[in-house]
Amino acid sequence: ATGSDGQVLTSAGAGAPPAFEAAAGITLGTPVASTSGATIDFTGIPSGTKRIVVGWSGVSFSGSSQPLIQIGDAGGIETSGYLGGTCKIQGSSALTDIQSDGLRFEAASGVNIIHGTAVWNLLDSSTFTWSGVLNMSITSSNYWISGATVKSLSAELTQIRMTTTGGSDTFDAGKINIQYE
């Protein structure tokens, strides 16, 4: 029999006829307006996910705490044990920062407008180790930020959080979304 639109032909094993199945691919989440609250959580990330992309568009905060992206499993969001850092480049100067509380970057003040992407890749499924990188642009202040981190969880990743250091500054503009595969 013929398959339906969006299906792929897969092997059902030796001696069995092939079968049509839904094509695996990228799942796009629902954009969240980042206009209030101190955290934005994306939960229910399915088992077997190996890559998560987080997109930020026009995001800003009410204060000057640094934006922070953290990951977690069914036991909750992990707030420590990250191994990484970021570099902010503005004109001919650069500022580096080492962090252990997540994939964090300096936005300097609440009036800054943030655009960019963070990508999390599963590095080792036996230790639930994830590698995260980000590239962000602060268009209102004309600088660029790049960063990377690694974090091992105690179980499979199920959630990702956007917040700030201290978690008290609130979102006041823009939108954030994820996609995963």
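Here the structure is a predicted model, which means the values were calculated and not measured.
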* To do: Report yes or no: do Thr164 and Asp169 form a side-chain donor-acceptor pair below 3.5 Å?
  => no
* Donor-acceptor contact below 3.5 Å, side chain Asn121 vs main chain Ser131 -> no
* Under a single-linkage definition using a 4.5 Å side-chain heavy-atom cutoff for Ile, Leu, Val, Met, Phe, Trp and Tyr, are Ile176 and Tyr180 assigned to the same hydrophobic cluster? -> yes
* **Nearest non-hydrogen partners of Ala155 and Asp73, listed with the distance** => N-OD2, 3.1 Å
* **Any donor-acceptor N/O pair, Asp124 side chain to Thr129 backbone, under 3.5 Å** => no
* To do: Measure the acute angle between the ring planes of Phe61 and Phe171, then classify it against the limits of 30° and 60° as parallel, tilted or perpendicular.
  => tilted
* Do you reckon Val133 sits in the same ILVMFWY cluster as Tyr82, going by side-chain contacts under 4.5 Å, direct or chained? -> no
* Judged by atom type as modelled, is there a donor-acceptor pair below 3.5 Å linking the side chain of Gln159 to the main-chain atoms of Gly44? -> no
* Is there side-chain contact between Leu157 and Trp130, with heavy atoms separated by less than 4.5 Å? -> yes
* To do: Tell me whether Trp56 is reachable from Tyr143 by hopping between hydrophobic residues (I, L, V, M, F, W, Y) whose side-chain heavy atoms are closer than 4.5 Å.
  => yes
* In Å and rounded to the nearest 0.5 Å, what is the CD1 to CD distance from Ile26 to Glu181? -> 4.5 Å
* What's the shortest heavy-atom distance between Thr158 and Ala74, and which atoms? -> OG1-N, 3.4 Å
* Indicate the atoms forming the closest heavy-atom contact of Asn135 with Ser146, along with that distance. => OD1-OG, 3.5 Å
* Asked: Between the side chains of Thr165 and Gln66, is a donor N or O closer than 3.5 angstrom to an acceptor N or O?
  -> no
* Have a look at Leu103 and tell me which of Val54, Val119, Thr149, Ile160 forms a side-chain contact (heavy atoms from CB on, under 4.5 Å) with it. => Thr149
* Within the distance-only criterion (no hydrogens, no angle test), does the side chain of Lys151 pair as donor or acceptor with the backbone N or O of Phe128 below 3.5 angstrom? -> no
* Asked: Could you give the distance from CD (Gln70) to CG (Asp41), rounded to the nearest 0.5 Å?
  -> 9.5 Å
* **Residue among Ser60, Ser34, Ser62, Ser36 satisfying side-chain hydrogen bond (donor to acceptor under 3.5 Å, both in side chains) with Asp172** => Ser60
* Ile138 side chain reached by Ile145 side chain, heavy atoms, under 4.5 Å -> yes
* Structure fact -> For Trp120 and Ile69 the tightest heavy-atom approach is NE1-CG2, 3.7 Å
* **Cluster overlap Leu122 with Ile71, hydrophobic side-chain contacts below 4.5 Å** => yes
* Would a distance-only check, ignoring hydrogens and angles, find a side-chain to backbone donor-acceptor pair under 3.5 Å from Thr96 to Cys87? -> no
* To do: Might you work through the side chain to side chain contact (heavy atoms under 4.5 Å, CB included) test for Phe105 and Asp97, ending with a clear yes or no?
  => CA-CA 8 Å; Phe105 57 98; Asp97 189 20; over 6 Å; no
* Asked: Between Thr49 and Arg51, is there a donor-acceptor pair closer than 3.5 Å when you use the side chain of the first and the backbone of the second?
  -> no
* Hey, what do you get for OG1 (Thr163) to CD1 (Ile77), rounding to the nearest 0.5 Å? -> 10.0 Å
* **Reported NE2-to-OG1 distance for the pair His115 and Thr139, which is rounded to 0.5 angstrom** => 3.5 Å
* Straight-line distance of Leu134 CG to Thr117 OG1, nearest 0.5 Å -> 9.5 Å
* Asked: Are Ile114 and Trp144 connected in the hydrophobic side-chain network, where two residues link if heavy atoms are under 4.5 Å apart?
  -> no
* Evaluate the criterion side-chain hydrogen bond (donor to acceptor under 3.5 Å, both in side chains) for residue pair Gln99 and Thr86; output intermediate values, then yes/no. => CA-CA 8 Å; Gln99 307 104 20; Thr86 57; 3.1 Å; yes
* In Å and rounded to the nearest 0.5 Å, what is the CZ to OG1 distance from Arg161 to Thr39? -> 5.0 Å
